[in-house]
Number of protein chains: 2
Amino acid sequence: MRHRRKLLAEAQARGIRLTSQRRALIETIEDAPRHLDAAALLAEARKRDPDIDRATVYRTIDLLKKQGLIDELDLMHVEGEKHYYEVRSSRDHIHLTCVECGAVKEFTSPLFERLKEEIARQNRFDIKVIRLEVGGRCSRCAGEHKAESERSHAARA
Amino acid sequence: MRHRRKLLAEAQARGIRLTSQRRALIETIEDAPRHLDAAALLAEARKRDPDIDRATVYRTIDLLKKQGLIDELDLMHVEGEKHYYEVRSSRDHIHLTCVECGAVKEFTSPLFERLKEEIARQNRFDIKVIRLEVGGRCSRCAGEHKAESERSHAARA
DNA sequence: GTATTTGCAAAAGCTTTGCTGCAAC
DNA sequence: GTTGCAGCAAAGCTTTTGCAAATAC
């Protein structure tokens, strides 16, 4: 176990009915070393409970999203139109997705916090969700094959 | 005509073959008073050229996106999984979408520009696209029906 | 004249839904 | 015991693709 089950505890605290499927899904999201889309989440969760259905995955995602317990990402649609999920943390972070190699890096900054405050204050806008996603070329890809962006496509497959 | 055809001119400058369909689509995006999704763009563009096909819309969007001439938005998926498009402007802006009434407000800030610089510098990341989307409650909805968030759902239908 | 683009129609990909039986409290 | 949830399968919505005919330069 990589950390204590914050998400699970929080779900429980909110009075969410904890079925065995939800438990498996929540634990899967919490333990995932990378961002999972619905299909990947289903596959991973089935290792804990083989009978989980796709519909349950989507319904649980929806529930957790509405409760503000998880956030939804696109990762700039670098690999299709899927959505990815992660536990919402107290400090929002930025996702940098490399359009060449697909690597995702997270980044936090006090400047981002300040910007959030400014957005809320100047627009009198009550922020519920915020998502800052960046697409571009990571330092590794920029360094390795400067003029040769084709190969990386094959490398991702 | 609301402004001069910047997008059209830019497309031409890049050597994009300007077919009549592309012209109609580009002009439609440029003149739209709101953010259009693919279906709405198709419907609007057909007023200029009734024979335009859905496939052409998607192919043109793809082309313009790859050229960095338009940006793609989700508007926090407040109305389903569509994507919305807008002309890319020199100054990136933030989209605030009200989850109650669906209103979209744009916002720019020097702080956002500074944050972009910081992201690029600290991660040695070559930013190609950046998208900051915010979901929450706009001041109008907060003021009008503070404790009664149910009705607005019906109002949007 | 030649390379690109279009329209059409079919399919693909991701997500949602109705309904019956089952599980949590 | 009651209320809400899960599984199944089918449909929904948005987007993509193959191919022959049409179009731009």
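Letters A, B, ... mirror the listed sequences (proteins, then strands); counts begin at 1. When reading the values below, keep in mind they use all heavy atoms of this one structure, side chains included, and skip hydrogens, waters and symmetry mates.
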Do [X] and [Y] have side-chain heavy atoms sitting under 4.5 Å apart?
| X | Y | answer |
| --- | --- | --- |
| Leu8(B) | Leu18(B) | yes |
| His95(B) | Lys105(B) | no |
| Leu64(B) | Ile29(B) | yes |
| His83(A) | Glu81(B) | yes |
| Arg14(B) | Leu69(B) | yes |

Donor-acceptor contacts, no H, no angles, side chain residues 110-117 of chain A, under 3.5 Å, sequence neighbours left out:
from, atom 1, to, atom 2, distance (Å)
Glu113(A), OE1, Lys116(A), NZ, 3.3
Lys116(A), NZ, Asp92(A), OD2, 2.5

request  = Verify whether one side chain among Ser109(A) and Glu118(B) offers a donor that lies under 3.5 Å from an acceptor in the other.
outcome  = yes
key: Side-chain donor-acceptor pair present, Glu72(B), Tyr85(B), cut-off under 3.5 Å   = yes
For a quick test of your reading: what N or O donor-acceptor pairs under 3.5 Å do the side chains of residues 51-63 of chain A make, sequence neighbours left out?
from, atom 1, to, atom 2, distance (Å)
Asp53(A), OD2, Ala55(A), N, 2.9
Thr60(A), OG1, Thr56(A), O, 2.7
Asp62(A), OD2, Lys66(A), NZ, 3.0

ask   = Using rotation axes that map the C1' atoms of four end pairs onto the next four (five pairs an end), what angle separates the end axes of the helix from dG1(C)-dC25(D) to dC25(C)-dG1(D), to 10°?
value = 50°
query = Could you walk me through whether Thr108(B) and Glu106(B) pass the side chain to side chain contact (heavy atoms under 4.5 Å, CB included) check?
reply = CA-CA 7 Å; Thr108(B) 60; Glu106(B) 299 185 352; over 6 Å; no
ask   = What is the 5' to 3' range of DNA chain D, first to last nucleotide, that sits under 4.0 Å from any heavy atom of chain B?
value = dT14(D) to dC25(D)
message = Looking at Glu30(A) and Lys6(A), is there a salt bridge between them, counting it only when a charged N and a carboxylate O are closer than 4.0 Å?
response = no
Asp74(A) bridged to Arg131(A) by N-O distance under 4.0 Å = yes
key: Protein proximity profile, nucleotides 15-25 of chain C - base contact B, sugar-phosphate-only contact S, no contact -, cut-off 4.0 Å on heavy atoms   = BBBB-----BS
ask   = Which parts of residues 40-47 of chain B get close to DNA chain D, meaning a heavy atom less than 4.0 angstrom away?
value = none
